[in-house]
Amino acid sequence: MKSWSALVGLLVSIGMLVTVPAAAQDARLEAAKKEGKVVWYTSLALPTAEKIAKLFEAAYPGVKVEVHRTGSQRILQRVMQEMQANLKLVDVIHTSDAGHFVLLKEKKLLMKYTPPGVEAFPAGFKDKDGYYFTLRATVNVIAYNTKLVPAAEAPKGWKDLLDAKWRGKMVTAHPGYSGVISTHVLALVQLYGWDYFKQLAQNKLMLVQSAVDPAGVVASGERQVAVDGGDYYYYQMKKKGNPIEVVYPKEGVPLVISPTAIASFAPHPNAAKLFTDFTFTRQLQQVMADSEGLYTGHPEVKYPADKPKLSDLKLLTVDPEELEKRNEEIKTRFVEFFGA
Amino acid sequence: MSFARLQGLDRSLPVWVASVLALVLLMALPIGWIASLSVGGESGPTVAHYRRVFADPALQKALWNTIVLAFWVGLASIALGAPLAWLTARTDIPGRGLIRGLVLASFVTPPFLGAFAWVMLAGPNAGSINKLWRSLTGSDEPLFNIFSMPGLVFVVTIYTFPYVYIMIANTLALIASDLEEAAAILGAGRLTVARTVTLPMAAPALLSGFILSVLQALALFGSPAILSLPAGFHTITTQIWTFFQFPPKTEMAAAFSMPLLLATALLLLVQKRLLGRRGYAAVGGKGGQRRTIPLGAWRWPALLAILAVMACPIFLPYAVLAKASVSRAWAQPLSWDNLTLANFSFTFFEYSATQAAILNTLELGVMTACVGAGLVALLSYVTSRQLVVGHQLVAFLALAPVVIPGVVLAVGLFIAYTRPPLLLYGTLWILFIAYLTKEMPVGYAQSDTTFRAIPVDLEDAGRILGGGRLRVLRDITAPLARSGVIAAWCFIFIGVIRELSASIILFTPSTKVMSVVIFDLKEEGQFGAIAVLGIVMLAMTFATVALVQRVLGRDFLGARE
């Protein structure tokens, strides 16, 4: 709690330092306060999302954040469903399926807005036309329960998971729910082909939805090994003392970039911009790296020593356009192999 | 004669017409949309969606899974509910009040909470029962894997059997013992009496209970989503739900839900054929003693057996929910290290969705229950007294929503109310309509039982003495029906606060309800927060039950003590 209030102090002070001219910023803050809130559809793990919301509310009293957390694919369903009904509810959209933003941009549902500071982000972290930017990144990893699996016997690479000795002992999250996982599946399909998943399914995996959930399943001992999942949540669970170890396969780890964008029809556009700027400040990006174990595109962010740097990992990347195009194929074939 | 009848009717006619109209709007509209979508093609009507749906082996499997689930749940519910009902209604088993209380508790427990709790109890590896089993026997295999078809049948049954219990217990309580005694005097043994008198009189209740359980199992969404998806199999409802993921395949969902509608119509028809022509005036309110059957030495063993059975829907799940709510790690023993209040502080102070969801849920619950109880009372009065032409159709419409899985109903409503003239999506009203429609059958069944149990001759006496139909309704029927209507209110309220399958499609950020929040949390695996919200939901439910028991002076499961 102490570190929290220190953080809040920091954040308030940096609020003044953002590169927008002071007068314009005051006017926007007033407008945002009049709007009163920002509605945020986010696929960030719930505790992380709520933490960011609380930090923002502390930095800008009078502007509330309404957090609606669910899986990336559910967020897309929600946005499209509301569009169909001509409902304008969401301000800021944040999912882990970069393909969504290709689609949303094409359908003219995104506002062109560039938060300050993102110029310095690497090329893969931003839309060239300025509609969406990567708020955070994670990599998909293998994880195992250290009480149930000795380190020597733990799987080292993706293909180790095909070994029949793991039958009935593994868990996977679902690409029909999670953007982290749809990205993961495409990356491994590009590496090994669909045959990999066909073989993996022979091992009778437990199916959960969110890419966050395998961490809980492995920690509880319900399954010994998770075949995917964002490393940031494993990192958090491990920090809390759960018996979890993470494996970064040497064949490469699928990099998941999670963009954020403001809806073109945002009912609270000023609050949405204020919030978006806030999430891209160095201080907040540093929070995501420190306590949440996330990667970011911010060049000045320092990472905890107990996590590999993004530059040390062999990354498997996917093209957002490709992800968009094959979205349905990914879901359908996964279900075909895994049953649901 | 016919003139006099008309005269008596004319003032009440608008009331009946209005309620029939309401039914058409609530039910015919979504069903109509679903039907028309299922055959809608770009160039005129088509059967292409049906062909696609029924030719797909994966969907065939989902269909078969649902049939298996519903059938076994129906049978198991009878096997569990009927003996329990007989024991409490007709024998001198000790702790009858306690047993009824426990049945009531399992009746009002949201099934998806039960399913969630049973994941913690009987997950094959981390479930506490399986851990205990392993440590006791040294076995490598779990005792029971909840992520399986038998697991699903089990969990659904323990929260569905009260439907059977209520039907049978109420009927048995209403069957006067004089017929049974007459049979006994004529020389029939106890078994013969049971077989030739009691059972035939209870048969309608048994069959209705079976059909209600089957229909519950067919339409259920939460428990299969929690138990069958991790095991890699679908039921119809979970399959239909996935059809709505982006890009939506609404036509296939519509086509896939039509067999459900037909199956139920058929089931109801069968029920009517079997029971329709018999009169059950003997199951009436007029006096009559009910003889208690002494169990002798079996009294206490029977009670113990029942308590052991009731551990499944009540003691074990509640205990594991309570434990999870104060644990850092739900699968670890409750030691000092593992003890925390963080789940509570997170749920109430950090998780921003909690408060609004609780308020929305309460608001919808009260609103739906008030309107719904009034409506079903009117409808069942109209149908039980055969007051309008086509009253069979009214009865069918009132029961029909049972077959529309909440998910499908939601889609029908979504399509109907996302366009002018009624733009209801995004407001609480669309949820209100969904809940009203969905809870109608249960409310109607409860209310219908009430009105059928009120002898028409009392009303006739009132009419002969010069009372108009509305006056008779107010002075004679309403007081007799009062407790039945309050019971219907409860059924609806409790049904609403735990409704998930329609809400999951119809909610928007400002109209989230508790069940949706819990399901969101489940998909993310936030066990602690689910346990806390689950406890809140149970507390709300039991507060309602307690309130009603005060009003009625008894629990609302039974007709009379």
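As the structure is a prediction and not an experimental result, all values here were calculated from the model.
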If you check every heavy atom in [range] against those of chain A, which residues fall under 4.5 Å?
| range | result |
| --- | --- |
| residues 334-349 of chain B | B:F346, B:F349 |
| residues 509-517 of chain B | B:P509, B:K512 |
| residues 238-247 of chain B | B:W241, B:F244, B:Q245, B:F246, B:P247 |

Can you tell me which of [options] forms the most heavy-atom pairs within a distance under 4.5 Å of chain B?
| options | answer |
| --- | --- |
| A:R69, A:E328, A:Q209 | A:R69 |
| A:Q73, A:K64, A:E82, A:E66 | A:E82 |
| A:Q224, A:K331, A:R74, A:K169 | A:R74 |

Count the heavy atoms belonging to other residues, nucleotides or ligands that lie under 6.0 Å from [atom1] of [X], then report whether that count exceeds 12.
| X | atom1 | result |
| --- | --- | --- |
| B:W429 | CH2 | no |
| B:R134 | CZ | yes |
| A:Q199 | CD | yes |

Give the minimum heavy-atom separation between [X] and [Y], together with the two atoms involved.
| X | Y | result |
| --- | --- | --- |
| A:S220 | B:A126 | O-CB, 3.4 Å |
| A:A340 | B:L229 | CB-CD2, 3.8 Å |
| A:N242 | B:A329 | OD1-CB, 4.5 Å |

Point to revise | Any side-chain donor near an acceptor of the partner, B:S352 and A:E50, under 3.5 Å | key: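 Looking only at side-chain atoms, A:E50 and B:S352 do form a donor-acceptor pair, the distance falling under 3.5 Å.
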**Study point:** Student check: side-chain heavy atoms of A:P47 and B:Q526 closer than 4.5 Å
**Key:**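 They are in contact (side-chain heavy atoms under 4.5 Å apart), so the answer is yes.
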Check your understanding: With a 4.5 Å limit on heavy-atom distance, are the side chains of A:Q81 and B:I505 in contact?
Key ->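 Yes, their side chains come closer than 4.5 Å.
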Exercise for review: Heavy-atom pairs under 4.5 Å with chain A are the metric here; pick the option from B:F147, B:Y351, B:W330 that has the most.
Suggested key: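 The option with the most such pairs is B:Y351.
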Select one option (side chain, backbone, both, neither) describing which atoms of [X] are under 4.5 Å from chain B's heavy atoms.
| X | answer |
| --- | --- |
| A:Y177 | side chain |
| A:L46 | both |
| A:A173 | neither |
| A:I75 | neither |
| A:V67 | both |
| A:M80 | side chain |

Point to revise | Atom pair CG/CG of B:N125 and A:L148 - distance to nearest 0.5 Å | key: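 Result: 8.0 Å between the selected atoms.
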**Study point:** Segment of B:I504 engaging chain A (4.5 angstrom heavy-atom cut-off)
**Key:**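 It is the backbone, since no side chain atom gets that close.
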Exercise for review: Any pair with a residue in residues 197-225 of chain A that passes salt bridge (Lys or Arg N to Asp or Glu O under 4.0 Å), sequence neighbours left out, goes on the list, sorted by first then second residue, please.
Suggested key: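 Non-adjacent pairs meeting salt bridge (Lys or Arg N to Asp or Glu O under 4.0 Å): zero.
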Point to revise | Stepwise side chain to side chain contact (heavy atoms under 4.5 Å, CB included) test for B:E524 and A:T70 | key: CA-CA 8 Å; B:E524 200 187 340; A:T70 182; over 6 Å; no
